[in-house]
Every structure is written in C-alpha cells, then in structure tokens.
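What follows is a short report on a single structure.
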2 protein chains.
Amino acid sequence: MDKGLIAGSTTMLVLKLLEGKDMYGYQMINELSKKSDRTFNLKAGTLYPILHGLEINEMVISYDENADGARVRKYYHLTHKGKKLLADKQREWDAYSQAVHKILNGGASYAAI
Amino acid sequence: MDKGLIAGSTTMLVLKLLEGKDMYGYQMINELSKKSDRTFNLKAGTLYPILHGLEINEMVISYDENADGARVRKYYHLTHKGKKLLADKQREWDAYSQAVHKILNGGASYAAI
DNA sequence: TGACATATATAGATGTCCGATATACCTCCT
DNA sequence: AGGAGGTATATCGGACATCTATATATGTCA
C-alpha cells in the first residue's frame, strides 16, 4: 500500500473508530488493521501525535484505566465537537472518492453505492 | 476540499488523463477540474514538478507542438511503462478506498470482527 | 532471567502539495 | 499603440502528514 494514499484520511479513521467505543492507542492500531483486512498498518509514531492533537483541540478526551490487574491504558473518548469533525471529514471523503471515481471511469454513469 | 485527501492520488489522476489522449499541462488542470465537477483544482506548482518527474522516470515522453498559429505547447504522451504504473496505482486505489469504505460502514453492515 | 508482546512517546527525515513569484506569448479592447 | 486579462510553463520556499528509529516501561511466558 502506497503510504501517500493514507494522507489526510488517518484522522477520519481514528475518529470513526472512537465513534463506536472508547479505545486506547495500541488497540486502535490493531483494530484498524483488522477491520481493513491488513490494508491499513498505522504506525505508533503516526497515531500518538494525532491523538495528542485531537485532545488539544477538544475532539477527544482521555482517561486512564487499568483493566483487571493489567497495566494502565490511556483511553480516548469522542466528544460532541469530535463527532462534528468526523461528520465533516466523512462528507469530504465522499466528495473526494466520488470525484476520483468519475475520473477513473471517464464520466460514465454508474450505480450509486 | 481538504488538500490532505489529495495526497498520493494526483500522479494517478494525471496518468489517467493521459491514457485517453496526449495533453499539455494547462489542459490537464482544466480537464481535471471539469471532469471532477470542480472538486479537483490542481495547481500549476503541483502539476509541473510531477510531469517532470514522470518524464525522468520514462512514464511519459514530451514533444512540442504549435496548433494553428497558436503558441508552442508541450504535450505529454503516456509510455508503456507509464501504463503499467497507472494500472498499479489504480489497483492500490481500489484496495485503499474499499478499506476506507469498510471502516466507515463496517459497524453497520457486518458483525463479528 | 531472558525473550517477547504490550503500551506510550518524541525527534528526525522524507515526500507531497500549495502559495508566491517569474517569464512570456496571445487576443481583445480602446 | 498600449494595456488588461487569459494562456502556458517553470521553480523555490514553506507547510503538513507520515514513517523510521529510538526510548522507556510493564506484563506474560518459558
């Protein structure tokens, strides 16, 4: 997978994961890989700075939790502001991917997905 | 349109345009905008370096031509090597966009991950 | 005790794209 | 003739996203 294609959509995917449930960083990396059939292999060096940025901008809030004797994990929770950002990013993605589809299929008509 | 989303796919779109016919840079900018319903507004400062890079790597070849009294334009032609690159990039794009679709719609359509 | 997976964090390097700027030609209008 | 505006190519500097590499520390299993 060309890493360039990932650009710009990583934040959206992270927000989408948190829409379902609160998660911690390491877990997001694994679930993203799993849910995408190993297409996305997000690196820790990419994810953590993104999470910190989202927290600073109040898109997510974090809290520590240690599940049954396990080590402390930092969970992230999507805020209302974060949900709005996710909705915006999804709209952008739809417009973008649809435009790419038009170019690749020569403006031919296609059935809506 | 968030510029971040464009990342990585610009080269593919340029190659796709050249698959249909030989074109010159300025023309590509306008056709890309037109074919995408103004979603893509490729800048000259982005396109020309890409074209030069593609030519160095023998994905395209260029030739000058002046159409009926008009000024000289630099046309680009897709090579066999370039067609193979385009095919690769399209396969990558398909895998990538399908994976994003799974993340965005996965929770609703299929269970048991 | 050592190896390995888990878990978070940051600095440095790389690549992509855009804004700004430069040059020059062509056409239209006055 | 002169100026404005669209056409056409080109390059540099900066902004931004991502990866690699590295660091640290804990939990589990052999």
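Since the model is a prediction, treat every value here as computed from it, not as a measurement. Residue numbers begin at 1 in each chain, while the letters A, B, ... track the order of the sequences.
- Note: NZ (K74(B)) to P (dC25(C)) measures 16 Å, nearest angstrom.
- Atom pair K89(B):NZ and dT16(C):C1' shows a separation of 11 Å (rounding to whole Å applied).
- Across the protein-nucleic acid pair, E65(A) atom CD and dT6(C) atom C1' stand 17 Å apart, rounded to whole Å.
- Considering only heavy atoms from C-beta on, Y76(B) stays 4.5 Å or farther from D22(B) through its side chain.
- Atom CG of N66(B) is separated from atom C1' of dA8(D) by 14 Å (rounded to the nearest Å).
- Across the protein-nucleic acid pair, Y24(A) atom OH and dG27(D) atom P stand 14 Å apart, rounded to whole Å.
- The aromatic rings of Y63(A) and Y75(A) sit parallel, their planes meeting at an angle under 30°, below the 60° perpendicular limit.
- Put simply, the side chain of Q90(A) reaches to within 4.5 Å of the side chain of L104(B), judged on heavy atoms.
- Between V72(A) and I50(A), the one whose closest nucleotide on DNA chain D sits nearer the 5' end is I50(A).
- For L13(A) and dT18(D), the CG to P distance is 10 Å, given to the nearest whole Å.
- Note on G45(A): a base of the nucleic acid sits closer than 4.0 angstrom, heavy atoms only.
- Of the listed nucleotides (dT11(D), dT20(D), dC17(C)), dC17(C) has the atom at the smallest distance from the side chain of T46(B).
- Closest approach to the Y48(A) side chain among dA9(C), dC17(C), dA10(D) is made by dA9(C) (side chain taken as heavy atoms from C-beta onward).
- For the 3.5 Å distance criterion, the side chains of S62(B) and Y24(B) fail to qualify, holding no donor opposite an acceptor.
- Phosphate contact (OP1/OP2 of dT10(C), side-chain N/O of H52(A), threshold under 4.0 Å): present.
- Nearest to the side-chain atoms of R71(B) among the listed nucleotides dT8(C), dC19(D), dC25(C) stands dC25(C).
- Ranking dT8(C), dG19(C), dC19(D) by closeness to the A44(A) side chain, first place goes to dT8(C).
- The CG-P distance, from L51(A) to dA7(C), rounds to 14 Å in whole Å.
- Within the structure, every side-chain polar atom (N or O) of T10(B) is placed at least 4.0 Å from both OP1 and OP2 of dT16(C).
- Taking every side-chain heavy atom of Y26(A) into account, dT8(C) is the closest of dT20(D), dT8(C), dA10(D).
- In this structure, the side chain of K89(B) does not engage the main chain of A87(B) through any donor-acceptor pair within 3.5 Å.
- With rounding to whole Å, L42(A) atom CG is found 11 Å from dC19(D) atom C1'.
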